[in-house]
There are 2 protein chains.
Amino acid sequence: MNREDFELSVFTPYLLNQAAEQQSRVFSNTYKNLYGMLQTEWRVLFHLGRYGAMTAKEISIRASIHKTKVSRAVRALEQKRFLGREVSHEDRRMERLTLRPAGQDAFNVLTAAAADYETALATRLGPEDMKHLKRLLMALA
Amino acid sequence: MNREDFELSVFTPYLLNQAAEQQSRVFSNTYKNLYGMLQTEWRVLFHLGRYGAMTAKEISIRASIHKTKVSRAVRALEQKRFLGREVSHEDRRMERLTLRPAGQDAFNVLTAAAADYETALATRLGPEDMKHLKRLLMALA
DNA sequence: TGTTGATAGTTGCTTTTGTAACTAACAAGG
DNA sequence: CCTTGTTAGTTACAAAAGCAACTATCAACA
């Protein structure tokens with residue numbers, strides 16, 4: 001790379017940012033408009049819906065989200081009546097988080113929307129490029 | 001995409017976010033540690049260094065950054081003595097922004113660091129994948 | 001039992017972003 | 001001149017993120 005000719009518009013971190021902002025803006029409108037949720041709330045909801053009841057700590061590790069963000073997302077989801085908490089009997093520091101019916105419904109709707117979004121993107125890019133893209137992104141993350 | 005099997009870890013917006021966070025964290029350490037700059041400040045500095053003096057509005061359009069973010073970045077760069085402002089004679093609403101020597105130095109250092117970073121990434125991924133990645137990201141952004 | 005260290009989760013404070021409203025300057029038409 | 005509408009840039013307030021300190025609980029061991 002010639003330093004004199006360096007262009008921000010082809011700098012990979014910049015391109016990644018632009019693409020990520022663009023793409024996540026589209027899908028975030030879905031959970032934001034439908035349920036007034038934030039990104040972290042959607043991710044927490046997803047983990048509980050997809051993998052079943054677990055503690056905040058487990059979500060934090062599995063989803064690579066800082067525990068304070070998880071804590072706030074859990075409170076928000078609780079206020080929406082999307083999940084319930086139950087203090088563990090073995091260790092009273094931990095809480096078992098479980099989706100409530102409204103949370104299950106939201107999970108179903110949002111997961112379907114995400115799958116549709118993914119399908120649409122795959123159609124746009126074509127199956128080969130879609131595969132390449134995912135492989136490359138996983139290598140970077 | 002089968003909805004029952006939907007996995008967040010292969011959802012493109014999620015992957016993009018993870019990759020973008022990971023990659024920009026690496027480079028942001030450079031301008032943050034060296035000059036205490038934020039991402040927007042680096043981008044504004046870059047545009048002035050690469051394309052010469054221009055107004056905040058022009059930067060805002062070229063770099064796709066909201067004018068309030070540009071305004072705050074310009075103030076921060078001014079306080080660091082990295083740029084100077086001069087009210088336009090033709091239209092006194094506009095200010096011509098120019099890099100000062102310290103800003104030029106920072107631009108040179110950071111541009112070189114960015115080019116090095118890009119080279120290292122290209123080495124890691126290989127030239128073919130690097131080309132693919134950029135093409136795909138540009139298609140998404 | 002009592003101390004020490006670790007862990008789950010929360011809270012407080014500071015920094016950053018988003019959004020809308022604002023000021024000052026311009027331009028065009030009456 | 002004097003409205004009316006537009007534009008460049010700033011400011012104010014609210015939403016959100018980052019980080020450190022805190023509480024409560026547990027476990028281990030003297």
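Predicted, not measured: the structure shown is a model, and the values here were computed from it. Within every chain, numbering begins at 1; the chains are lettered A, B, ... in the order of the sequence lines, protein sequences first and strands thereafter.
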Any chance the side chains of Y31(A) and E41(A) put a donor and an acceptor closer than 3.5 Å?
no

Looking at every non-hydrogen atom in both residues, tell me the closest pair between [X] and [Y] and how far apart they are.
X       : Y      : answer
N17(A)  : S24(B) : ND2-CB, 3.6 Å
L16(A)  : L16(B) : CD2-CD2, 4.5 Å
A63(B)  : Y14(A) : O-OH, 3.9 Å
A20(A)  : A20(B) : CB-CB, 3.9 Å
A113(A) : T30(A) : CB-CG2, 4.1 Å

With R62(A), which residues qualify under side-chain hydrogen bond (donor to acceptor under 3.5 Å, both in side chains), at least two apart?
none

note: R43(A), atom CZ; dA17(D), atom P; distance rounded to Å ~ 10 Å

Rounded to whole Å, please give me the gap between NZ in K57(A) and P in dT25(D).
19 Å

One should read off an interatomic distance between E21(B) CD and L140(A) CG, to the nearest 0.5 angstrom, of 13.5 Å

Students should find this one: the first and last nucleotides of DNA chain C, 5' to 3', lying under 4.0 Å from a heavy atom of chain B. What are they?
dT16(C) to dC26(C)

Look at all strands and tell whether R72(B) reaches a base, only sugar-phosphate, or nothing, counting heavy atoms closer than 4.0 Å.
base

Relative to the 5' end of DNA chain D, which residue comes earlier, Q39(A) or S71(B), by the nucleotide with the nearest heavy atom?
S71(B)

Pairs involving residues 59-86 of chain B, ordered by first then second residue, that meet ring pair (Phe, Tyr, Trp, His ring centres under 6.0 Å) (sequence neighbours left out)
Y35(B)-F82(B)

So if you build clusters from Ile, Leu, Val, Met, Phe, Trp, Tyr with side-chain heavy-atom gaps below 4.5 Å, do L77(B) and L38(B) land together?
no

Residue-level proximity of residues 76-98 of chain B to DNA chain D when a heavy atom falls under 4.0 Å:
R85(B), R93(B), M94(B), E95(B)

Here the residues of residues 12-25 of chain B within 4.0 Å heavy-atom distance, strictly under, of DNA chain D are none

Can you say whether the rings of Y51(B) and H47(B) are parallel (under 30°), tilted (30 to 60°) or perpendicular (over 60°)?
tilted

Name the orientation class of the two ring planes belonging to H132(A) and H132(B) (parallel below 30°, tilted from 30 to 60°, perpendicular beyond 60°).
parallel

Indicate yes or no: does K134(A) engage E118(A) in a salt bridge with an N to O separation below 4.0 Å.
yes

Expected rows: protein N/O vs nucleotides 20-23 of chain D N/O, under 3.5 Å:
none

